[in-house]
Amino acid sequence: MKILVTGGLGYIGSHTVAELYRHGHQAVIIDDLSNSSRQVLPALENLVGTNIPFYQLDILNQDGLARVFEQEFPVDGIIHFAAKKAVNESLQKPLIYFENNITGLLNIVRCVEDFNVNNLVFSSSCTVYGQPERVPVTESTPTTRSVTPYGNSKLIAEMILEEYTRLHKGLGTVMLRYFNPVGAHESATIGELPIGVPANLMPFITQTAAGVRERLKVFGSDYNTRDGTAIRDYIHVVDLADAHVKAIEWLQEHPDEVEFFNVGTGTGQTVLEVIESFERSTGQKLNYEIVGRREGDIEQIWADTTKVEQVLGWKATRTLDEMTSSAWKWECALRAQKS
Ligand code: UD1
């Protein structure tokens, strides 16, 4: 299949492109490089052993998008990653989040309609569940309004896509609700490239171990969890990438369907357990201190993965130690490139 991947040079996008080729598919990448680097393209091409068509384009540019679809017609499916994702920034610049994540999505859907695309996989987030009353969460756990424009943009996007798919004959859509993607490709040639001070846990850990940050702050030790720190379902980014391939292949066999899947491991880990795993798997000692809770953080969430296992036949296979060690290997490779 020829799959158009928006945001294909980003963290999850680039790993998904690599997995698409590994499974015998081809990708066409659209990325505006706003939160990614052009250098990812040659690294990816090297990894997959062929040239990959690439268009530097903002998805808000509807005419530009139409030109790409015209040029690449016919496209067998779209995996739509391109979106803004910094939770705190969304509180400062809500309009940018609604423009990118909603108007951008509508522009993609317009191309689905104009160019008869049959399959769409959308990047959603477990943020749509908020702090659930019960864990683990299944896909029928009620979704809830978020306290941030980022979270609400994912919820609104899901609603738009669900309704559109039901009304528009010929399109099938899968929404993947990601838990916490971490780690990097085993080759250490692609990985996460945070701009500025990382807001997420894993890049902050690796940058601290590399000496770029002085100390990791562990946000909160008074949660009602086994060691008092918050629990998340960390998933290896290559496992997550593989779920996209399974989703787009499944859609080929199931036209016109609309489905939601949790994509996690099914196990929750505390912040301290992630730190222990990092120290164990890399032999690095991490400098950290426990501070107060971060505003807006939830206490605990992890996925019930029964549905994705049964329907897509997908299951995460990589361990937490593989996540932390691959993230470190990538950080070291990045540092080596820079020096
Ligand atoms: C965050 C977003 C989520 C979004 C995801 C995108 C919030 C509340 N949630 O998820 O909506 O989909 O990013 O990547 O912002 N932690 C520390 N110290 C740090 C950084 C994090 O202790 O320096 C802790 C956090 O308190 C949390 C865990 O590590 O318990 C994971 O944090 P993070 O990686 O930021 O992900 P989420 O908050 O789960």
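Predicted model, so just to flag it, every value in this text is computed and none were measured. Order of listing sets the numbers, starting from 1, for every ligand and every atom in it.
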Legend entry - Check: Phe278 and Gln284 side chains under 4.5 Å, non-hydrogen atoms: yes

Legend entry - Close-contact set for ligand 1 against Tyr234 heavy atoms, below 4.0 Å: 28 (C), 29 (O), 31 (C)

Inset, instruction - May I ask you to test the Glu186-Glu322 pair for a side-chain heavy-atom distance under 4.5 Å? - result: no

Legend entry - Proximity of Val87 to ligand 1 by residue part, where a heavy atom lies under 4.0 Å: side chain

Inset, instruction - Measure Lys217 to ligand 1 on non-hydrogen atoms and call it side chain, backbone, both or neither using the 4.0 Å cut-off. - result: backbone

Inset, instruction - Just need the protein heavy atom nearest to atom 34 (O) of ligand 1, so name the residue and atom and give the distance. - result: Leu201 N, 2.9 Å

Inset, instruction - Determine whether Ile102 and Leu105 make a side-chain contact, defined as any pair of heavy atoms from C-beta on separated by less than 4.5 Å. - result: no

Inset, instruction - Answer yes when Glu139 and Arg177 have at least one side-chain N-carboxylate O distance shorter than 4.0 Å, and no when they do not. - result: no

Inset, instruction - Please could you name the atoms of ligand 1 that Asp297 approaches to less than 4.0 Å, counting only its heavy atoms? - result: 8 (C), 25 (C), 26 (O), 38 (O)

Legend entry - 4.5 Å side-chain heavy-atom contact, Ile59 and His80: yes

Inset, instruction - Can you pull out the closest protein heavy atom to atom 19 (C) of ligand 1? Residue, atom name and distance to 0.1 Å, please. - result: Phe219 CE1, 3.3 Å

Inset, instruction - Specify the protein heavy atom at minimum distance from atom 32 (O) of ligand 1: its residue, its atom name, and the distance to 0.1 Å. - result: Arg294 NH2, 3.5 Å

Legend entry - Region of Ile298 that comes within reach of ligand 1 [heavy atoms, distance under 4.0 Å]: neither

Inset, instruction - Please work out whether any backbone atom (N, CA, C, O) or any side-chain heavy atom from C-beta onward of Thr127 is under 4.0 Å from ligand 1, and answer side chain, backbone, both or neither. - result: side chain

Inset, instruction - Would you indicate whether the side-chain heavy atoms of Glu19 and His244 approach each other to under 4.5 Å? - result: no

Legend entry - Cys126, portion touching ligand 1 at heavy-atom distance under 4.0 Å: neither

Inset, instruction - Answer with yes or no whether Tyr150 contacts ligand 1, where contact means a heavy atom under 4.0 Å from a ligand atom. - result: yes

Legend entry - Under 4.0 Å to a heavy atom of Ser125 - the qualifying atoms of ligand 1, by number: 12 (O)

Inset, instruction - Number the atoms of ligand 1 from 1 as they appear, then name those within less than 4.0 Å of a heavy atom of Val218, with their elements. - result: 22 (O)

Legend entry - Contact atoms of ligand 1, heavy-atom distance to Ala199 under 4.0 Å: 20 (C), 35 (O)

Legend entry - Salt bridge flag under 4.0 Å for residues Glu331 and Arg335: yes

Inset, instruction - May I ask you to identify the nearest protein heavy atom to atom 27 (C) of ligand 1, giving residue, atom name and distance to one decimal place in Å? - result: Arg232 NH2, 3.8 Å

Inset, instruction - Rounded to the nearest 0.5 Å, what's the gap from SG on Cys111 to CZ on Arg67? Could you check? - result: 11.0 Å

Legend entry - Nearest protein heavy atom with distance in Å, relative to atom 6 (C) of ligand 1: Asn200 ND2, 4.2 Å

Legend entry - Within reach of ligand 1, part of Asn88 (heavy-atom separation under 4.0 Å): neither

Inset, instruction - Give yes if a backbone or side-chain nitrogen or oxygen of Asn180 is under 3.5 Å from a nitrogen or oxygen of ligand 1, and no if not. - result: yes

Legend entry - Within-shell test, Gly296 vs ligand 1, heavy atom, strictly < 4.0 Å: yes

Inset, instruction - Pull out every atom of ligand 1 sitting under 4.0 Å from any heavy atom of Val271, numbered as shown with elements. - result: 22 (O), 24 (C), 29 (O), 30 (O)

Legend entry - Side-chain ion pair, Arg293 and Asp222, N-O less than 4.0 Å: yes

Inset, instruction - Taking Tyr97 for its side chain and Lys84 for its backbone only, find out whether a donor-acceptor pair lies under 3.5 Å. - result: no

Inset, instruction - Could you tell me whether some N/O pair between Met202 and ligand 1 is separated by less than 3.5 angstrom? - result: no

Legend entry - Any donor-acceptor pair under 3.5 Å from Asp256 side chain to Gly170 backbone: yes

Inset, instruction - Check each atom of ligand 1 against the heavy atoms of Ala230 and keep those under 4.0 Å away; list them by number with element. - result: 30 (O)

Inset, instruction - Side-chain contact test, heavy atoms from C-beta onward, threshold under 4.5 Å: evaluate it for Val5 versus Leu20 and give yes or no. - result: yes

Inset, instruction - Give the ring-plane orientation class for Phe115 versus Phe73, where under 30° counts as parallel, over 60° as perpendicular and anything between as tilted. - result: tilted

